[in-house]
S.K.: 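A single structure is presented below for examination.
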Amino acid sequence: MLKIALVAVGLAGCSLAHAAEEDQPKARLPSLTVTSAATREVVPDTTTLRLSVSAEKPTAAAAAEETGRGSQSVLAEIKAQGIDPRDIKTAITVSPVYDEERGPQGQTVKRTLRGYVGRNALTVRLHNTARAGALARSLIDKGANVFEGISFTVSDEQRPMDELRVQATKDAVRKAKLYAEAAGVRLGRVLTIEPDPDSLVHGEADLPRRAALGGGTVTTVIPVEPGVEQLAAKVSVTWEILP
């Protein structure tokens, strides 16, 4: 019985000692963290036009019919320009419109149904940015009475982004070696590599809405300039420092 008791006490002592060791804070490795970024300006090669055909009528059916009639001419013009159907997207909505009477404090005291607004929102993607202004003019002539803007993108940004990620990482290595040499220490193994979310600044040309201007014909090409977009990659690398 005595031997059993001694063994039990010994095991309990070992467990307590092990637990005490785990509770001790682990020594933090000396380390060096370097953050580096790489940027590049690129010319967009894809243009997206956002426009709508909108009509207000007393009934929902009439609003939908008028919007559909106006949309046919616009869509026919888009297809006549040789735009791939995969680059054309439409979204049709019909919504009620109310006239509101407001009280002295600005609160709504009465709402009266005025009619319905039909809207066919179209998105057109062009792979030739030079055509954007002329196409915008022709679509407005054909009945697009709400023009929401033009945006520009880079169709194949993966390759330049990969090049920037490599460039940022190599620059981080260069800086780390420089700091280590100046401090009289050596770089050990890489502990972490933390890339920041890559960024792409999109350019956009906002054009005035034409819905409130009434009819008419646009006689000149709408001037559109894509400018440039800035690609950016950023990375933080941490090394162990050796004496």
Side-chain angles (χ1 to χ4, degrees), residues 7-50 84 86-89 91 121 123-130 132 148-207 224-243:
V7 171
V9 171
L11 291 175
C14 290
S15 298
L16 291 172
H18 182 65
E21 291 177 359
E22 290 185 344
D23 290 340
Q24 294 294 326
K26 294 182 179 179
R28 185 176 180 181
L29 292 174
S31 62
L32 169 66
T33 299
V34 176
T35 299
S36 185
T39 61
R40 178 185 303 176
E41 289 185 343
V42 295
V43 178
D45 59 1
T46 302
T47 306
T48 301
L49 287 72
R50 301 185 308 280
D84 192 319
R86 293 176 297 181
D87 293 326
I88 307 169
K89 183 178 180 180
T123 302
V124 183
R125 184 172 59 188
L126 294 174
H127 300 284
N128 182 356
T129 59
E148 299 174 351
I150 299 178
S151 60
F152 304 96
T153 57
V154 179
S155 60
D156 180 18
E157 64 182 64
Q158 188 62 46
R159 181 181 57 81
M161 283 304 306
D162 284 345
E163 293 174 355
L164 290 176
R165 294 179 187 115
V166 171
Q167 183 179 339
T169 304
K170 288 183 176 180
D171 189 58
V173 173
R174 179 190 64 81
K175 290 178 180 178
K177 291 180 177 179
L178 181 68
Y179 296 147
E181 181 179 356
V185 296
R186 293 182 298 126
L187 295 177
R189 58 198 175 99
V190 173
L191 300 178
T192 61
I193 300 177
E194 299 179 2
D196 284 358
D198 301 321
S199 64
L200 171 61
V201 180
H202 292 292
E204 182 165 343
D206 290 325
L207 299 182
V224 175
E225 294 294 338
V228 296
E229 292 185 352
Q230 185 173 8
L231 301 175
K234 188 177 180 181
V235 65
S236 295
V237 186
T238 301
W239 285 266
E240 178 185 7
I241 292 180
L242 303 177

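What you see below is based on every heavy atom in this structure, not just the backbone, and it leaves out hydrogens, waters and symmetry mates.
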S.K.: About how many Å separate CG of L126 and CG of D45, when rounded to the nearest 0.5 Å?
M.R.: 11.5 Å

S.K.: Name all residues meeting the side-chain hydrogen bond (donor to acceptor under 3.5 Å, both in side chains) criterion together with T123; count only those two or more places apart in sequence or in a different chain, and write none if there are none.
M.R.: none

S.K.: Identify the heavy atoms of A232 and L164 that sit nearest to each other, and give their distance.
M.R.: N-CD1, 4.1 Å

S.K.: May I have the step-by-step check of side-chain contact (heavy atoms from CB on, under 4.5 Å) for S151 and R50, ending in yes or no?
M.R.: CA-CA 8 Å; S151 60; R50 301 185 308 280; 3.6 Å; yes

S.K.: Applying side-chain contact (heavy atoms from CB on, under 4.5 Å), can you list everything that pairs with V43, at least two apart in sequence or on another chain?
M.R.: V228

S.K.: Do you know which two heavy atoms are closest between V34 and A172, and how far apart they sit?
M.R.: CG1-O, 3.8 Å

S.K.: Report the distance from atom CD of E41 to atom CD of Q230, rounding to the nearest 0.5 Å.
M.R.: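 One finds 6.0 Å between CD of E41 and CD of Q230.
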
S.K.: Using side-chain hydrogen bond (donor to acceptor under 3.5 Å, both in side chains) as the criterion, list what pairs up with T39, not counting sequence neighbours.
M.R.: none

S.K.: Who pairs with P160 by side-chain contact (heavy atoms from CB on, under 4.5 Å), at least two apart in sequence or on another chain?
M.R.: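 Only R40, L231 meet the side-chain contact (heavy atoms from CB on, under 4.5 Å) criterion with P160.
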
S.K.: Determine, stepwise, if the pair D156 / M161 fulfils side-chain contact (heavy atoms from CB on, under 4.5 Å).
M.R.: CA-CA 9 Å; D156 180 18; M161 283 304 306; over 6 Å; no

S.K.: Can you sort out the partners of V166 under side-chain contact (heavy atoms from CB on, under 4.5 Å), two or more places apart, ordered by chain and number?
M.R.: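 side-chain contact (heavy atoms from CB on, under 4.5 Å) check on V166 returns K170.
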
S.K.: Side-chain contact, heavy-atom cut-off 4.5 Å: T48 with I150?
M.R.: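 Not touching, per the 4.5 Å side-chain cut-off.
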
S.K.: Under 3.5 Å, which donor-acceptor pairs link side chains of residues 179-187 to any protein atom two or more places apart or in another chain?
M.R.:
{"from": "R186", "atom 1": "NE", "to": "P243", "atom 2": "O", "distance (Å)": "3.1"}
{"from": "R186", "atom 1": "NH2", "to": "P243", "atom 2": "O", "distance (Å)": "3.4"}

S.K.: Between T153 and P44, is there a side-chain heavy-atom distance shorter than 4.5 Å?
M.R.: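 Result no, sub-4.5 Å side-chain heavy-atom pair not found.
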
S.K.: Considering only heavy atoms from C-beta outward, does the side chain of T47 approach that of T129 to under 4.5 Å?
M.R.: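 The answer is yes; the side chains approach within 4.5 Å.
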
S.K.: State the OG1-CD1 distance between T169 and I193, to the nearest 0.5 angstrom.
M.R.: 6.5 Å

S.K.: Sequence neighbours excluded, which residues qualify as salt bridge (Lys or Arg N to Asp or Glu O under 4.0 Å) partners of K175?
M.R.: D171

S.K.: Which pair of non-hydrogen atoms, one from A132 and one from V224, has the smallest distance, and what is that distance?
M.R.: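 Heavy atoms of A132 and V224 come nearest at CB-CG1, 4.4 Å.
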
S.K.: With sequence neighbours excluded, what pairs up with D87 under the salt bridge (Lys or Arg N to Asp or Glu O under 4.0 Å) test?
M.R.: R125

S.K.: For D84, enumerate each residue passing the salt bridge (Lys or Arg N to Asp or Glu O under 4.0 Å) test, keeping only those at least two apart in sequence or located in another chain.
M.R.: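 Testing D84 for salt bridge (Lys or Arg N to Asp or Glu O under 4.0 Å), a comparison that skips the adjacent residues, returns R86.
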
S.K.: Can you name the residues that form a side-chain hydrogen bond (donor to acceptor under 3.5 Å, both in side chains) with T33, not counting sequence neighbours?
M.R.: T238

S.K.: Residues in side-chain contact (heavy atoms from CB on, under 4.5 Å) with D162, at least two apart?
M.R.: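 Listed in chain order: Q158, R165.
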
S.K.: Which pair of non-hydrogen atoms, one from A233 and one from A168, has the smallest distance, and what is that distance?
M.R.: O-CB, 3.9 Å

S.K.: When rounded to the nearest 0.5 angstrom, what distance separates CH2 in W239 from OG1 in T192?
M.R.: 9.0 Å

